[in-house]
Amino acid sequence: MNYRKYRSLWLGVLLALVACVSACDSCNPQDVPPPVVEPKVEPKIEVPEVDPLEGARGAADQDAESVAVVLNDTATLVASAIEADANKPQKVVSKKPPRDPETGKIDTSAVKRVFDQNNIAMRKCYERVLKANPGLEGKVTLEVKIVSTGAVSSAKARGVSLNNAAINDCMERQAKTMKFPEPKGGSVRVANPYTFRPAF
């Protein structure tokens with residue numbers, strides 16, 4: 001047997017085996033590093049921190065704003081009412097003097113004398129109107145208020161059967177020029193009748 005001839009053959013087979021074993025060793029799953037598996041990372045959800053007092057603050061702010069609006073509206077209404085009241089025309093209230101009780105007393109004969117002294121002046125009031133109204137006649141009552149000084153503070157002529165405004169006005173003006181005795185105990189009101197008719 002030619003040893004050298006087979007030695008080369010065996011050497012070749014041995015090399016082939018070594019190569020095969022080497023190749024198989026590299027295929028050994030134990031020697032193959034396991035695949036790298038990336039760990040599954042869950043997405044991080046950031047939850048904002050909630051201030052437990054935030055809702056209360058918001059409600060308080062809203063309530064305060066509502067109250068401020070209401071107060072502002074109320075103040076506006078009150079201001080408008082005050083301004084309207086200030087611009088309202090003011091009523092002038094005239095203060096009447098206290099009523100005179102007219103409890104005085106006066107001598108009636110003295111009063112009659114004063115009226116008689118003024119008869120001519122009163123008749124002239126009638127005759128001025130008679131010129132324009134021939135046949136005019138009738139009765140007039142003249143009432144006067146005599147104050148504590150004896151002066152006439154007011155006079156009123158009333159037509160009884162002769163009601164003429166011109167005659168009445170003239171007699172009232174004349175009566176305010178009369179001077180009576182001073183009544184005692186306050187003012188007094190007296191009246192005197194007049195009868196007017198044409199002289200002819």
Side-chain angles (χ1 to χ4, degrees), residues 60 62-200:
Q62 189 174 4
D63 290 344
E65 187 174 342
S66 299
V67 170
V69 169
V70 171
L71 290 176
N72 187 36
D73 291 346
T74 304
T76 302
L77 290 174
V78 171
S80 299
I82 292 173
E83 184 177 356
D85 189 56
N87 293 332
K88 190 187 297 182
Q90 299 295 323
K91 292 182 179 179
V92 178
V93 179
S94 58
K95 291 185 178 180
K96 294 182 179 180
R99 190 174 181 277
D100 188 346
E102 299 173 4
T103 55
K105 296 189 181 301
I106 193 169
D107 183 3
T108 54
S109 60
V111 171
K112 180 101 170 61
R113 279 195 302 270
V114 175
F115 277 123
D116 289 344
Q117 290 169 0
N118 287 272
N119 275 342
I120 294 175
M122 296 300 177
R123 182 161 181 90
K124 285 183 179 179
C125 290
Y126 161 71
E127 289 177 349
R128 286 193 195 102
V129 178
L130 181 64
K131 291 178 182 178
N133 299 279
L136 185 68
E137 62 179 59
K139 293 182 180 181
V140 179
T141 297
L142 177 64
E143 182 183 83
V144 297
K145 179 180 179 179
I146 306 167
V147 295
S148 59
T149 60
V152 175
S153 63
S154 64
K156 183 68 178 176
R158 294 183 177 86
V160 179
S161 57
L162 174 60
N163 192 10
N164 183 280
I167 295 174
N168 292 346
D169 290 344
C170 179
M171 292 178 69
E172 288 169 3
R173 288 193 301 272
Q174 183 62 36
K176 289 181 180 178
T177 65
M178 294 180 184
K179 179 66 177 175
F180 291 88
E182 296 179 2
K184 296 178 180 179
S187 60
V188 64
R189 193 176 295 271
V190 295
N192 189 63
Y194 291 88
T195 300
F196 298 118
R197 59 174 57 93
F200 51 86

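Positions are given from 1, in the same order as the sequence printed here. Remember, predicted model here, so these are calculated numbers, not experimental data.
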Original post:
Under the salt bridge (Lys or Arg N to Asp or Glu O under 4.0 Å) rule, what pairs show up with a residue in residues 160-180, not counting sequence neighbours?
Top reply: none
**OP:** Sequence neighbours left out, what pairs pass salt bridge (Lys or Arg N to Asp or Glu O under 4.0 Å) with at least one residue falling in residues 190-199?
**Re:** none
Please name the pair of heavy atoms, one in [X] and one in [Y], separated by the smallest distance, quoted to 0.1 Å.
X	Y	result
V152	M178	CG2-O, 3.9 Å
A175	V144	CB-CG1, 3.8 Å
A166	V129	CB-CG2, 3.9 Å
T195	K139	OG1-CG, 3.6 Å

Subject >> side chain to side chain donor-acceptor pair (under 3.5 Å): pairs with one or both residues in residues 122-134, sequence neighbours excluded >> reply: R123-E127
Original post:
Restricting to pairs with a member in residues 149-164, which pass side chain to side chain donor-acceptor pair (under 3.5 Å), not counting sequence neighbours?
Top reply: N163-N168
Extract all donor-acceptor atom pairs below 3.5 Å that involve side chains of residues 108-116 and protein atoms in other chains or at least two apart in sequence.
| from | atom 1 | to | atom 2 | distance (Å) |
| --- | --- | --- | --- | --- |
| S109 | OG | D107 | OD1 | 2.8 |
| S109 | OG | D107 | OD2 | 3.1 |
| K112 | NZ | D116 | OD1 | 3.2 |
| K112 | NZ | D116 | OD2 | 3.4 |

Summary of ring-ring contact (aromatic ring centres under 6.0 Å, His included) pairs that have at least one residue in [range], sequence neighbours excluded:
range	answer
residues 128-179	none
residues 128-171	none
residues 135-179	none
residues 137-168	none

Subject >> Atom pair CG (N118) and CE (M171), whose distance is rounded to the nearest 0.5 Å >> reply: 10.5 Å
Original post:
Roughly how far, to the nearest 0.5 Å, is CG of L162 from OH of Y194?
Top reply: 13.5 Å
Subject >> For T177, all residues meeting side chain to side chain donor-acceptor pair (under 3.5 Å), sequence neighbours excluded >> reply: Q174
Subject >> Passing candidate, side-chain contact (heavy atoms from CB on, under 4.5 Å) with P183, options V190, V147, I146, T103 >> reply: I146
**OP:** For residues 123-170, pull every pair meeting disulfide bond (SG atoms under 2.5 Å apart), keeping only residues two or more places apart or in separate chains.
**Re:** C125-C170
Original post:
Do E182 and S148 have side-chain heavy atoms sitting under 4.5 Å apart?
Top reply: no
